[in-house]
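First up is the structure itself, then whatever we jot down about it.
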Amino acid sequence: MQLATWNVNSLGVRLPHVLEWLAEHPVDVLALQELKLPDEKFPAEALREAGYHAVWLGQKTYNGVALLSRAEPQDVVRHIPGFPDEQSRAIAATYPLPDGSTVRVVGCYFPNGQAPGSDKFAYKMRWLDALHRWVQEELTRHPQLALMGDYNITFDDADVWDPDGLRETIHCTTEERQHLQRLVALGLHDAHRLFEQPPKSYSWWDYRMLGFQKNRGLRIDHILVTDALKARATGCTIDRAPRKKPQPSDHAPVVLTLG
DNA sequence: ATGCCTTGCTTAGCAAGA
């Protein structure tokens, strides 16, 4: 049983990569971010042919999230309830597990935030507040929950290729990291850190300046899990292989394996 | 560094990403 998350930076461009990756890695649930296409252009048929159900929340040009799954999704929620948002950033669904229990999957594309002090940063903070309230409420009903996606926040310096040069810049500010810790304090665990990882493990690399080749990256794509899922987790990896292909997304998939 | 890439929208140059 595997859950994965991947910011594809345009599903229109990256659909072949997604299909190839799923053929090699037939995960049970794949959360996608940055679809960059409206609902009516979502490639549901191609994904169905690949054996995947899909639920999605599209948006023209920007944002957009989806959940692909082997099993049929239940109790689908689009957008953070009680947080009217013109930007399509959140989707949730429930899936059956082989033992008869269920897993609640919340897939999110957190706002970038641009720079501390900007309007976009203020929106990021409001969005994070709303997400916290929503996840807290979801946890009352779902002991097995995974919150995964492009968080656009690093946990600490170990997630940053140049922590001194990027100190208190976007993705690395104390304020953003405090929000991330508030989510953790709800009783969640960073799945990546549950396991031994290679040094300098990142999930995003800038397209410019040979960022990937020099491993100048950030770990900003995360899977947070509840105690019950932590107990079942047997591995969590970042798959750098798709980042090496021609015309890649700037993000790599993150994969959680559950026993 | 004011950009460096990439994408979408619109059709050459922005906006936005991170």
Side-chain angles (χ1 to χ4, degrees), chain A residues 5-18 21 31-43 56-66 85-90 107-128 131 148-180 192 200-222 238 240 242-254:
Chain A
T5 179
W6 193 6
N7 178 323
V8 292
N9 185 16
S10 169
L11 185 56
V13 172
R14 227 69 64 194
L15 179 62
H17 292 63
V18 172
W21 191 79
L32 299 177
Q33 300 89 40
E34 278 210 271
L35 308 180
K36 293 187 170 179
L37 44 76
D39 279 337
E40 61 271 22
K41 294 203 174 161
F42 186 86
W56 60 92
L57 176 62
Q59 184 184 328
K60 186 181 176 185
T61 310
Y62 303 116
N63 311 313
V65 289
D85 197 349
E86 293 181 357
Q87 305 184 25
S88 296
R89 296 186 175 278
C108 289
Y109 176 44
F110 290 44
N112 174 297
Q114 198 170 58
S118 67
D119 289 348
K120 288 174 182 174
F121 191 85
Y123 164 73
K124 185 174 193 172
M125 296 301 113
R126 289 198 305 278
W127 190 93
L128 285 163
L131 178 71
M148 58 187 187
D150 176 0
Y151 283 59
N152 273 318
I153 305 175
T154 55
F155 276 92
D156 53 41
D157 286 355
D159 292 342
V160 184
W161 71 275
D162 181 12
D164 291 321
L166 295 174
R167 182 92 45 214
E168 293 299 330
T169 61
I170 198 64
H171 312 121
C172 304
T173 67
T174 302
E175 202 173 349
E176 292 167 279
R177 288 174 175 175
Q178 283 172 343
H179 272 282
L180 193 43
H192 181 265
K200 304 184 188 302
S201 285
Y202 308 126
S203 66
W204 170 88
W205 302 262
D206 201 309
Y207 284 124
R208 301 168 294 184
M209 304 270 296
L210 300 174
F212 182 68
Q213 290 85 336
K214 296 179 176 175
N215 198 29
R216 295 179 171 180
L218 302 174
R219 190 173 72 95
I220 52 177
D221 300 87
H222 306 300
I238 300 172
R240 298 162 56 100
R243 188 64 175 80
K244 300 173 183 171
K245 293 189 173 185
Q247 203 175 16
S249 167
D250 42 357
H251 295 252
V254 182

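Here is how names work: the chains are called A, B, and so on, in the same order as the sequence lines, proteins then strands, and each is numbered from 1. The figures here come from the full heavy-atom set of this structure, side chains too, leaving out hydrogens, waters and symmetry mates.
For the pair K120(A) and dA18(B), the criterion of a side-chain N or O lying under 4.0 Å from OP1 or OP2 is not met. Contact annotation: S10(A) reaches the phosphate of dG8(B) (side-chain N/O to OP1 or OP2, under 4.0 Å). Dashed line: the shortest gap from a side-chain N or O of N9(A) to OP1 or OP2 of dT6(B) is not under 4.0 Å. Side-chain nitrogen and oxygen atoms of Y62(A) include none within less than 4.0 Å of the OP1 or OP2 phosphate oxygen of dT6(B). Checking the phosphate oxygens (OP1, OP2) of dG17(B), no side-chain nitrogen or oxygen of H171(A) falls inside 4.0 Å.
Base orientation for dT10(B): anti, the chi torsion being more than 90° from 0.
With rounding to whole Å, I170(A) atom CD1 is found 10 Å from dG17(B) atom P.
The base of dA18(B) does not come close enough to the side chain of N152(A) for any donor and acceptor atom to sit less than 3.5 Å apart.
Cation-pi check for R219(A) over Y202(A) is not met; the charged atom does not lie both under 6.0 angstrom from the ring centroid and within 45 degrees of its normal.
Taking atom P in both dA1(B) and dG13(B), the straight-line distance is 27 Å, to the nearest Å. The separation of dT10(B) from dA16(B), taken at their C1' atoms, amounts to 16 Å, rounded to a whole angstrom. The P atoms of dT2(B) and dA12(B) are separated by 28 Å, rounded to the nearest whole Å.
Centroid-to-centroid, the aromatic rings of W6(A) and W21(A) come within less than 6.0 Å.
Residue I220(A) is classed as a sugar-phosphate contact, given heavy-atom separations below 4.0 Å to backbone atoms only. Residue-level contact check: R216(A) touches neither bases nor backbone, having no heavy atom under 4.0 Å from any strand. Residue contacts for N7(A): at a heavy-atom cut-off of 4.0 Å it reaches the sugar-phosphate backbone alone, with no base atom in range. Contact annotation for Y202(A): no contact, since no heavy-atom pair falls under 4.0 Å across all strands. Within 4.0 Å (heavy atoms only), D150(A) reaches sugar-phosphate atoms of the nucleic acid but no base atom.
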Worked check of side-chain contact (heavy atoms from CB on, under 4.5 Å) between D150(A) and F110(A): CA-CA 6 Å; D150(A) 176 0; F110(A) 290 44; 5.8 Å; no
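Comparing L210(A) and N112(A) by the nucleotide of DNA chain B whose heavy atom lies nearest to each, the residue mapping closer to the 5' end is L210(A).
If you run side chain to side chain contact (heavy atoms under 4.5 Å, CB included) between E176(A) and each of T173(A), L180(A), T174(A), only T173(A) comes through.
By the 4.5 Å heavy-atom criterion applied to side chains, D221(A) and Y151(A) are not counted as neighbours.
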